[in-house]
Number of protein chains: 2
Amino acid sequence: MEPVVASTPQWRSPCPIASGLDVVGDKWSLVIIRDLIVHGPRTYSEFLDAPEKISTNILAARLKWLHANGLITHVDATRSARNNAYQLTERGAALRPVLDALGRWSHQELIDVHPGILSID
Amino acid sequence: MEPVVASTPQWRSPCPIASGLDVVGDKWSLVIIRDLIVHGPRTYSEFLDAPEKISTNILAARLKWLHANGLITHVDATRSARNNAYQLTERGAALRPVLDALGRWSHQELIDVHPGILSID
DNA sequence: CCGCATCCGTTACGATACTG
DNA sequence: CAGTATCGTAACGGATGCGG
């Protein structure tokens, strides 16, 4: 019985940078993590409201992947007013410095080629 | 006449994080940047020697992309002992803090799930 | 409705053979 | 040595359906 989504990456090498990319180096993972850092716990449809317009099947697959890799969990539905929401684990929240550095790079280096870019958020 | 490789990203949103990912958020760009930061100017075949084993067509496409986006340039072949090498621009070198943060995250958070991971490099 | 899963077309990746 | 051509596979993206 093959798993729908692999639970762990195929490590390309022992390099920490490549290994980090093996976990969050796809097109959407860090965008999802960004939403969780900026807004806190977030529901499926709230992720869909983000301006990047991820499609529903991709979102479901990425949430499954991030959960399997211990970066997010479900909010306990019985204990929270917000049902069916996702939140960051410690491991996921620890990505904040990466997002900060990336945001700063983009803001400094991409303004001329992407005039509409926002100053940090 | 359609370009073989688009010269500029399709921006998903005005968010700096998403925009940074639109430039270097693929599977290989930051691995190539890492090699250039660690080793300095690097030739095509030296990139191929990296442990991640990128295939030749992908490497050529990514080098073209990174050049089109101003992150790398060719070393001046007439002035250098090392012909046909690539090097970082200021814009590319400015990604160092991103790689540092990612490397630290991986080293701290992925040791248990990836025992062979190296301590920074 | 909300949270997905399924179907299917399109785009990225990957292994390998090959050329200037 | 530095790529290109070819062709197969995997990821992505839009539309739609379906259970709770």
Side-chain angles (χ1 to χ4, degrees), chain A residues 1-13 18 21-32 35 41-69 72-75 77-78 80-87, chain B residues 2-13 18 21-32 35-36 41-69 72-77 80-87:
Chain A
M1 202 208 251
E2 299 300 316
V4 182
V5 176
S7 57
T8 205
Q10 307 255 50
W11 306 109
R12 283 181 286 185
S13 78
L21 295 173
D22 287 337
V23 178
V24 295
D26 64 280
K27 191 169 177 176
W28 290 104
S29 288
L30 290 182
V31 174
I32 293 171
D35 274 8
R42 205 126 178 94
T43 66
Y44 189 87
S45 56
E46 286 172 332
F47 287 119
L48 293 178
D49 289 339
E52 290 82 15
K53 294 296 156 204
I54 189 173
S55 58
T56 63
N57 53 347
I58 306 297
L59 176 59
R62 291 291 95 195
L63 290 172
K64 206 171 287 186
W65 171 261
L66 293 173
H67 180 257
N69 284 274
I72 62 174
T73 59
H74 278 95
V75 173
T78 66
S80 171
R82 291 166 61 80
N83 271 358
N84 296 107
Y86 296 87
Q87 62 189 345
Chain B
E2 299 298 318
V4 182
V5 177
S7 57
T8 206
Q10 307 252 51
W11 307 108
R12 284 180 285 185
S13 78
L21 295 173
D22 287 338
V23 178
V24 294
D26 64 281
K27 192 168 177 177
W28 290 105
S29 288
L30 290 181
V31 174
I32 294 171
D35 274 7
L36 290 169
R42 205 127 179 94
T43 66
Y44 190 87
S45 57
E46 287 173 331
F47 286 120
L48 293 177
D49 289 339
E52 289 83 15
K53 296 297 156 203
I54 188 172
S55 58
T56 61
N57 54 348
I58 305 297
L59 176 59
R62 291 293 96 194
L63 289 173
K64 206 170 289 185
W65 171 260
L66 293 173
H67 181 257
N69 283 273
I72 64 175
T73 59
H74 279 94
V75 174
D76 184 349
S80 171
R82 292 164 60 80
N83 270 359
N84 295 107
Y86 296 88
Q87 62 189 346

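Sequence lines set the chain letters: A, B, ... in the order given, protein chains first and strands last, and positions in each chain run from 1.
Residue A:L59 contributes atom CG, which lies 8 Å from atom P of C:dC4 at whole-angstrom precision. Going from atom CD1 of B:I58 over to atom P of C:dT11 covers 16 Å, rounded to whole Å. As rounded to whole Å, 15 Å separates atom P of D:dC1 from atom CZ of B:F47. When the P atom of D:dG13 is taken as reference, atom CG of A:L48 falls 13 Å away, rounded to whole Å. Rounded to whole Å, the distance from CD1 on A:I32 to C1' on D:dC12 is 13 Å. Between the P atom of D:dG3 and the CD atom of B:E46 lies a distance of 13 Å, rounded to the nearest Å. Look at CG on A:N84: it is 17 Å from P on C:dC1, rounded to the nearest Å.
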> For B:Q10 and B:D22, what are the C-alpha separation, side-chain angles and deciding distance, and is it a side chain to side chain contact (heavy atoms under 4.5 Å, CB included)?
Replying inline: CA-CA 7 Å; B:Q10 307 252 51; B:D22 287 338; over 6 Å; no

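The side chain of B:K64 has D:dT4 as its nearest neighbour among D:dT4, C:dC4, D:dA2. Looking at the side chain of B:N57, the nearest of the listed nucleotides C:dG14, D:dA2, C:dC13 is C:dG14.
At least one side-chain nitrogen or oxygen of A:Y86 sits closer than 4.0 Å to the OP1 or OP2 atom of C:dC4. Here A:W28 reaches the OP1 or OP2 of D:dG13: one of its side-chain N or O atoms lies under 4.0 Å away. Using a 4.0 Å cut-off, some side-chain N or O of A:K27 falls inside it from OP1 or OP2 of D:dG13. Contact check, B:S45 against D:dA2: a side-chain N or O comes under 4.0 Å of OP1 or OP2. For D:dG14, the OP1/OP2 oxygens have no side-chain nitrogen or oxygen of A:K53 closer than 4.0 Å.
In this structure, A:L63 and A:R12 both approach DNA chain C, and ranking their closest nucleotides by distance from the 5' end singles out A:L63.
The closest side-chain heavy-atom distance from A:Y86 to A:H67 is not below 4.5 Å. With a 4.5 Å cut-off on side-chain heavy atoms, A:W28 and A:S55 do not count as touching. Contact annotation: the side chain of B:L21 approaches that of A:V31 to within less than 4.5 Å [non-hydrogen atoms, C-beta and beyond].
With hydrogens and angles ignored, a donor-acceptor pair closer than 3.5 Å exists between the side chain of A:T56 and the base of C:dA5.
With rounding to the nearest 0.5 Å, the separation of NZ in B:K53 from CD1 in B:I58 is 15.5 Å.
Residue contacts for B:D26: at a heavy-atom cut-off of 4.0 Å it reaches the sugar-phosphate backbone alone, with no base atom in range.
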